[in-house]
Engineer: 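Below are the structure tokens for one structure; questions will follow.
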Amino acid sequence: MAKSFADFPRFPLAHLPTPLGEMKRLREALGDDAPRLFIKRDDCTGLGGGGNKTRKLEFIVGAALADEADTIVTTGALQSNHARQTAAAAAAAGLDCVLVLMDMVSYQGAAYRRSGNRLLDDIFGADVRIIPPGADATTFFKTVLSELDAKGAKTYFTPAGGSTVTGSLGYAAAYLELADQLDALSIKGARLVHASSSGGTQAGLVAGRLIRPDGPLVHGINVYRKDTDKMRDDITRLAADTAARLDLGALADDAVILEDGFLGEAYGVPTAGMVEAVEMVARAEGILLDPVYTGKGMAGLIALIRQERFKADETIVFLHTGGMPGLFAYDEEFGGSR
Ligand SMILES: Cc1ncc(COP(=O)(O)O)c(C=O)c1O
């Protein structure tokens, strides 16, 4: 028998269920042939500015506490939403938090290295270590870990994006939450579109679909890596491992659908489609996306609608995975009147 989510240590952090709203004005803006559009507001998970990591962190922090750790260590880019949310989760759980951040994005906007998530990491009281340019990341990590060890800290490490089986449990549970919300609206055969990066969100959703095979088909939009095939393989492996942790059946070979063409030059580098999507959704719906993930994810959804991949009689749910603080790090890309 499949395991229940209650079988895993979990530290409550999120405001659940997150709302599911319809985007009628965005649909109108996209023209007569656009599908019915909904948005699942995981930007409203409530912890430290909201976002998808809150759901993963409920299980990650649960595991850290079960291990009797007193310090959570994680990593990511300088503007990592995962790092910011981990700092907030650690604060809420009374744990110390060490963030090892990589200055890996070529974007040179003036606010990128000091505002947005980077500012919030400091406000949440995280111990932020930035890998200096040219330094070897593994050596840097080892030095930080041995320093913590020497101080007697009991560390719990979670990788970039919190994309482990433990973290993905949060999105398997989220999938069931959404399937119930669609049931309540009598919506059948919907599709779920979201920005995919380190893959834990998509892996969890795909594993959750094994429990509710009548739920929406999941389309990830690659906002992370040039090699989409390799990324799809990695997410498939994580989804299969998550399904195994829940004692679910086997995953279909083609269960992970990953759309490419929306990354642009590289991870974290703005695209024209992202700017259009952020401004369009803000002006049609009063909803803020972000420059690195949901903006490119929404740009992908808009492009797929314009290419008529999704038809007028379909229902598409966009999963808003958060990231709004990133707008302040990329302020030069938007507006135009300042
Ligand atoms: C706002 C936002 N959306 C989407 C994602 C992608 O989630 P995942 O890394 O689980 O693929 C991230 C990851 O950092 C994120 O911060």
Side-chain angles (χ1 to χ4, degrees), residues 18 39-45 47-57 59-60 74-89 99 101-102 104-105 116-118 120-121 158-175 192-208 218-225 228 231-232 234-239 242 256-259 262-263 267-268 274 277-278 281 287-301 318-330:
T18 55
I39 187 159
K40 171 76 171 153
R41 300 293 306 271
D42 274 14
D43 56 321
C44 300
T45 47
L47 172 77
N52 60 338
K53 306 306 173 192
T54 307
R55 290 187 189 264
K56 297 181 180 184
L57 283 159
F59 291 95
I60 291 167
T74 195
T75 183
L78 275 186
Q79 283 296 331
S80 165
N81 296 297
H82 162 70
R84 178 250 310 165
Q85 288 224 283
T86 303
L99 302 176
L101 302 184
M102 296 172 280
M104 58 188 260
V105 172
N117 286 300
R118 189 51 208 89
L120 301 184
D121 298 339
T158 192
S163 284
T164 57
V165 167
T166 302
S168 292
L169 291 173
Y171 268 91
Y175 187 86
L192 178 62
V193 174
H194 71 97
S196 200
S197 166
S198 63
T201 301
Q202 188 164 8
L205 293 167
V206 166
V218 180
H219 292 251
I221 308 275
N222 176 4
V223 300
Y224 191 41
R225 271 157 66 170
T228 301
M231 180 165 156
R232 191 183 295 109
D234 289 350
I235 297 174
T236 303
R237 205 168 312 112
L238 184 55
T242 306
V256 175
I257 303 168
L258 195 58
E259 311 281 352
F262 309 105
L263 169 68
Y267 168 79
M274 175 280 286
V278 168
V281 173
I287 293 173
L288 294 168
L289 302 176
D290 85 283
V292 178
Y293 302 94
T294 52
K296 287 185 180 178
M298 179 59 82
L301 172 55
F318 182 77
L319 175 63
H320 190 333
T321 42
M324 190 274 266
L327 288 174
F328 299 99
Y330 287 82

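Indexing begins at 1, ligand by ligand and atom by atom, following the structure's order.
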Engineer: Report the residue from Thr18, Thr45, Asp43 that forms a side chain to side chain donor-acceptor pair (under 3.5 Å) with Thr54.
Structural biologist: Thr45
Engineer: Against Leu101, only a single residue in Thr75, Asp121, Thr74, Asn117 fulfils side chain to side chain contact (heavy atoms under 4.5 Å, CB included); can you say which?
Structural biologist: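 That would be Asp121; it is the only one of Thr75, Asp121, Thr74, Asn117 passing the side chain to side chain contact (heavy atoms under 4.5 Å, CB included) with Leu101.
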Engineer: Atom OG1 in Thr242, atom OH in Tyr171: separation rounded to 0.5 Å?
Structural biologist: 13.5 Å
Engineer: For residues Phe318 and Thr294, determine if any side-chain heavy atom of one lies less than 4.5 Å from a side-chain heavy atom of the other.
Structural biologist: yes
Engineer: Show the atom names and distances, to 0.1 Å, of all donor-acceptor pairs under 3.5 Å that link a side chain in residues 193-200 to residues at least two apart or in another chain.
Structural biologist:
unit_1	atom_1	unit_2	atom_2	d
Ser196	OG	Gln202	OE1	2.9
Ser198	OG	Ser163	OG	2.6

Engineer: Side chains of Asn52 and Asp42: any donor to acceptor distance under 3.5 Å?
Structural biologist: no
Engineer: Tabulating one pair per line, provide the atom names and distances (0.1 Å) for every N/O atom of ligand 1 that is less than 3.5 Å from a protein N/O atom.
Structural biologist:
unit_1	atom_1	unit_2	atom_2	d
ligand 1	3 (N)	Thr321	OG1	2.6
ligand 1	7 (O)	Asn52	ND2	3.1
ligand 1	7 (O)	Lys53	NZ	3.4
ligand 1	7 (O)	Thr201	OG1	3.3
ligand 1	9 (O)	Lys53	NZ	3.1
ligand 1	9 (O)	Ser198	N	2.9
ligand 1	9 (O)	Ser198	OG	2.5
ligand 1	10 (O)	Lys56	NZ	2.7
ligand 1	10 (O)	Gly200	N	3.3
ligand 1	10 (O)	Thr201	N	2.9
ligand 1	10 (O)	Thr201	OG1	2.7
ligand 1	11 (O)	Ser197	N	2.7
ligand 1	11 (O)	Ser198	N	3.2
ligand 1	11 (O)	Gly199	N	2.8
ligand 1	14 (O)	Lys53	NZ	3.1
ligand 1	14 (O)	Tyr293	OH	3.3
ligand 1	16 (O)	Asn81	ND2	3.0

